[in-house]
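Worksheet for the structure shown next.
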Amino acid sequence: VTLISKRNNLGTFLCTFQSYSRFYSYSASCYFNAALTSVKFLMCKYPLNPWTKSKTHIVCRIIWICSLAIPIFLLVIDKDDVQFDYIQYTCIYGFSAKAWKIWRSVLGGLVSVVSNIVVIVTTTLLI
């Protein structure tokens with residue numbers, strides 16, 4: 001429909017929601033992947049110390065809250081930087097503010113690099 005009408009038919013709210021939810025879900029999936037390998041390592045290292053539901057719920061709450069960091073930064077730095085990209089036919093965040101030169105690499109490092117290092121270290125320790 002967007003291709004035929006040559007304009008964004010999602011509306012501003014849905015476009016903004018789609019852009020922010022993409023960052024939220026990506027960081028949550030990275031953190032959950034790191035938590036999964038870490039818990040597997042802890043369960044193998046300490047088999048007599050059971051992993052309870054309450055511990056699982058606490059870890060999940062922490063991950064969901066930490067995953068909000070990037071969308072909150074997006075809102076604080078420049079909330080109106082979402083636009084519709086006609087090449088990909090999706091809503092994207094522009095990262096056009098000057099503050100993103102530093103914060104983009106810092107937040108990307110926290111999500112991607114740290115979670116991958118946790119996965120690599122815990123997997124190596126399992127071997």
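Every pair passing ring-ring contact (aromatic ring centres under 6.0 Å, His included) that includes a residue from residues 101-127 is listed here, sequence neighbours excluded: Phe73-Trp103. Note on residues 34-55: no pairs pass ring-ring contact (aromatic ring centres under 6.0 Å, His included), not counting sequence neighbours. Pairs engaging residues 111-127 under the side chain to side chain donor-acceptor pair (under 3.5 Å) rule: Tyr26-Ser112, Thr37-Thr122 [sequence neighbours left out].
Evaluation of the side-chain contact (heavy atoms from CB on, under 4.5 Å) rule for Val113 yields Ile117 as partners, not counting sequence neighbours. Judged as a side-chain hydrogen bond (donor to acceptor under 3.5 Å, both in side chains), and not counting sequence neighbours, Ser21 has no contacts. Evaluation of the ring pair (Phe, Tyr, Trp, His ring centres under 6.0 Å) rule for Tyr24 yields Trp64 as partners, not counting sequence neighbours. Applying the side-chain contact (heavy atoms from CB on, under 4.5 Å) criterion to Ile72, with sequence neighbours excluded, gives Leu68, Val76. Residues passing the ring pair (Phe, Tyr, Trp, His ring centres under 6.0 Å) test with Phe23 are Phe95, sequence neighbours excluded.
Looking at heavy atoms from C-beta onward, Met43 lies in side-chain contact with Val39 at the 4.5 angstrom threshold. Looking at Val59 and Ile63, their side chains come closer than 4.5 Å, going by heavy atoms from C-beta outward.
With rounding to the nearest 0.5 Å, the separation of CG in Asn49 from NZ in Lys55 is 4.5 Å. Note: Cys60 SG to Ile65 CD1 = 11.5 Å, rounded to the nearest 0.5 Å. Taken from OG in Ser29 to CG in Leu36, the straight-line distance is 12.0 Å, to the nearest 0.5 Å. Distance check: Leu126 CG to Lys45 NZ gives 10.5 Å after rounding to the nearest 0.5 Å.
For the pair Ser67 and Tyr31, the tightest heavy-atom approach, listed with the atom from each and the gap, is OG-CD1, 3.6 Å.
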message = Quick one, Val111 with Leu107, criterion side-chain contact (heavy atoms from CB on, under 4.5 Å). Give me CA distance, side-chain angles, the key distance, then yes/no.
response = CA-CA 6 Å; Val111 173; Leu107 291 175; 5.6 Å; no
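Cluster partners of Ile62, using a side-chain heavy-atom cutoff of under 4.5 Å among ILVMFWY residues and allowing indirect links, are Ile58.
Hydrophobic clustering (ILVMFWY, side-chain heavy atoms < 4.5 Å, transitive): Val106 and Ile70 are in one cluster.
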